[in-house]
Amino acid sequence: MNTNPMVSVVMPCYNDGRYIQESVASVKAQTYPEIELIIIDDGSDDSHTIATLDALAKEDGIRVLHASHVGPSAARNAAIQEARGKYILPLDADDTINTTYIEKAVKILEGHRDTGVVYCEADLFGAQSGKWDLPAYSFESMLFDNIVFVTALFSKADWEKVGGFNENMKAGMEDYDFWLSILGEGKKIEQIPEVLFHYRIKDSSRTSQFQQDPSRIKETYRQLFDNHRDFILAHADVLIPAMRDVLIDQLYLRRVAEQQAAEYQQQARAIVKVREIPVLGKILQKIYHLFVK
């Protein structure tokens, strides 16, 4: 750990005392030395978690902040506000990273000024295990659906520029909203083609709950589209060719009728040719919501 860090790892924790020592150990084991760890207790009421956080607060290189269960977006923002590092890496208190992740990501960010986000490949552990089957990064796919997890490096300056994580994304996908904001600033996203992040699957995970609730999915995608309407419409020419494949391939979109998706796509392509942007916005919004009956 370092008192003059280049990277601040921010770790929200809500009743994850049984896992957090493993996550902290993965941060301490990093080959990159210029790191600080900021843990923010998001209103934990579990006695074991509280005791564990009290013990961690006494360790060198670790700062423990406290919030009153404000949720992951607000907790991350509060921790990043206190961060001294040039770069930020969010890491949930039940996940882990490989020893070289930060070193490799910082090298990319320092060497490519047009890159705003660096992430890696990942695997799953806990209730499920195996490679996390995410598609390789492409700008087109990213416009339509999130393929970047929150444990990715970005600069604090970019976080400030876009206003941080959107605390109004109550149903989830605040990380996707944040990545779209950074893309909207003209920055690129790069992926390290190596498994350097390990995502714990729990039966009660927020992701699982989100995917099982169609009304939350619909509302979240509507909110995302509204938040980034101008950016999405400005890139409609590259977005539309990718839409059909993404719609059909995504696991939770498979119930969408292929014919219906193709009809909307045909309409959207025709509108792009004549640049009727207000109408195109409505068509794109329909495509975003196709998977909810």
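What you see is a predicted model, and the numbers here were worked out from it, not measured in a lab. Note that the numbering runs from 1 along the sequence shown for the chain. Worth knowing before you read on, the calculation uses all heavy atoms, side chains too, and leaves out hydrogens, waters and symmetry mates.
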Matching residue for V9 among I102, I62, I38, T151 - test: side-chain contact (heavy atoms from CB on, under 4.5 Å): I102
Interatomic spacing from OG in S8 to NZ in K86 - rounded to 0.5 Å: 13.0 Å
Pairing residues for H69 by the ring pair (Phe, Tyr, Trp, His ring centres under 6.0 Å) criterion, not counting sequence neighbours: Y14
Summary of salt bridge (charged side-chain N to carboxylate O under 4.0 Å, His left out) pairs that have at least one residue in residues 122-135, sequence neighbours excluded: E121-K131
Pair T115-E190, side-chain donor/acceptor within less than 3.5 Å: yes
R63 (side chain) donor-acceptor with E82 (main chain) under 3.5 angstrom: yes
Chi angles and distances behind the side chain to side chain donor-acceptor pair (under 3.5 Å) call for E167, N77: CA-CA 9 Å; E167 297 176 17; N77 283 338; 2.9 Å; yes
Verdict with supporting geometry, D16 and R200, salt bridge (charged side-chain N to carboxylate O under 4.0 Å, His left out): CA-CA 12 Å; D16 272 329; R200 187 187 300 272; over 6 Å; no
Straight-line distance of I88 CD1 to E160 CD, nearest 0.5 Å: 9.0 Å
Side-chain heavy-atom pair L143, E140 within 4.5 angstrom cut-off: no
M169 side chain near F178 side chain, heavy-atom distance below 4.5 Å: no
Criterion side-chain contact (heavy atoms from CB on, under 4.5 Å) on I97 and L89, from CA distance to verdict: CA-CA 11 Å; I97 50 177; L89 178 69; 3.9 Å; yes
L124 backbone acceptor or donor facing H198 side chain under 3.5 Å: no
Hydrophobic cluster identity match, V117 and Y176, side-chain contacts under 4.5 Å: yes
Min side-chain heavy-atom separation F165-V150 under 4.5 Å: yes
Non-neighbouring partners of F231 that pass ring pair (Phe, Tyr, Trp, His ring centres under 6.0 Å), sequence neighbours left out: H235
Check: H48/N15 side-chain N/O donor and acceptor closer than 3.5 Å: no
Check: S181 side chain, D177 main-chain N or O, donor-acceptor pair, under 3.5 Å: yes
Electrostatic pair R76-D175, nearest N-O below 4.0 angstrom: no
E34 vs V7, side-chain contact (heavy atoms from CB on, under 4.5 Å): CA-CA, chis, key distance, verdict: CA-CA 6 Å; E34 299 174 35; V7 176; over 6 Å; no
Distance, nearest 0.5 Å, that separates OG of S26 from CG of L196: 11.5 Å
Heavy-atom check, side chain of D158 versus side chain of E185, under 4.5 Å: no
Where A152 and Y119 come nearest, the two heavy atoms and their spacing: CB-CB, 3.6 Å
pair M173-D145: side-chain heavy atoms closer than 4.5 Å: yes
Ring-ring centroid check F197 F149, cutoff 6.0 Å: yes
Atom pair CG/CG of L224 and L180 - distance to nearest 0.5 Å: 6.5 Å
Heavy-atom side-chain proximity of S23 to M11 below 4.5 angstrom: yes
Closest non-hydrogen atom pair between I147 and P135, with its separation: CG2-CG, 3.4 Å
Partners meeting ring pair (Phe, Tyr, Trp, His ring centres under 6.0 Å) with Y87 (sequence neighbours left out): none
Side-chain heavy-atom pair P12, D92 within 4.5 angstrom cut-off: yes
Close side-chain approach of L134 to V148, heavy-atom, < 4.5 Å: no
Distance-only side-chain donor-acceptor flag, H66 / D42, under 3.5 Å: no
Derivation and outcome, side-chain contact (heavy atoms from CB on, under 4.5 Å), residues D41 and L65: CA-CA 6 Å; D41 175 24; L65 310 178; over 6 Å; no
Nearest-0.5 Å distance, CG of residue L53 to NZ of residue K58: 12.0 Å
Ionic contact status for K188 with D114, cut-off 4.0 Å: yes
Pairing residues for Y101 by the ring pair (Phe, Tyr, Trp, His ring centres under 6.0 Å) criterion, not counting sequence neighbours: none
Side-chain (K104) to main-chain (I192) donor-acceptor, under 3.5 angstrom: no
CG-CD distance between D94 and E22, expressed to the nearest 0.5 angstrom: 9.5 Å
Aromatic centroids of W159 and F154 separated by under 6.0 Å: no
Chi angles and distances behind the side-chain contact (heavy atoms from CB on, under 4.5 Å) call for I35, M6: CA-CA 6 Å; I35 299 173; M6 175 70 86; over 6 Å; no
Set of side-chain hydrogen bond (donor to acceptor under 3.5 Å, both in side chains) partners for T100, sequence neighbours left out: none
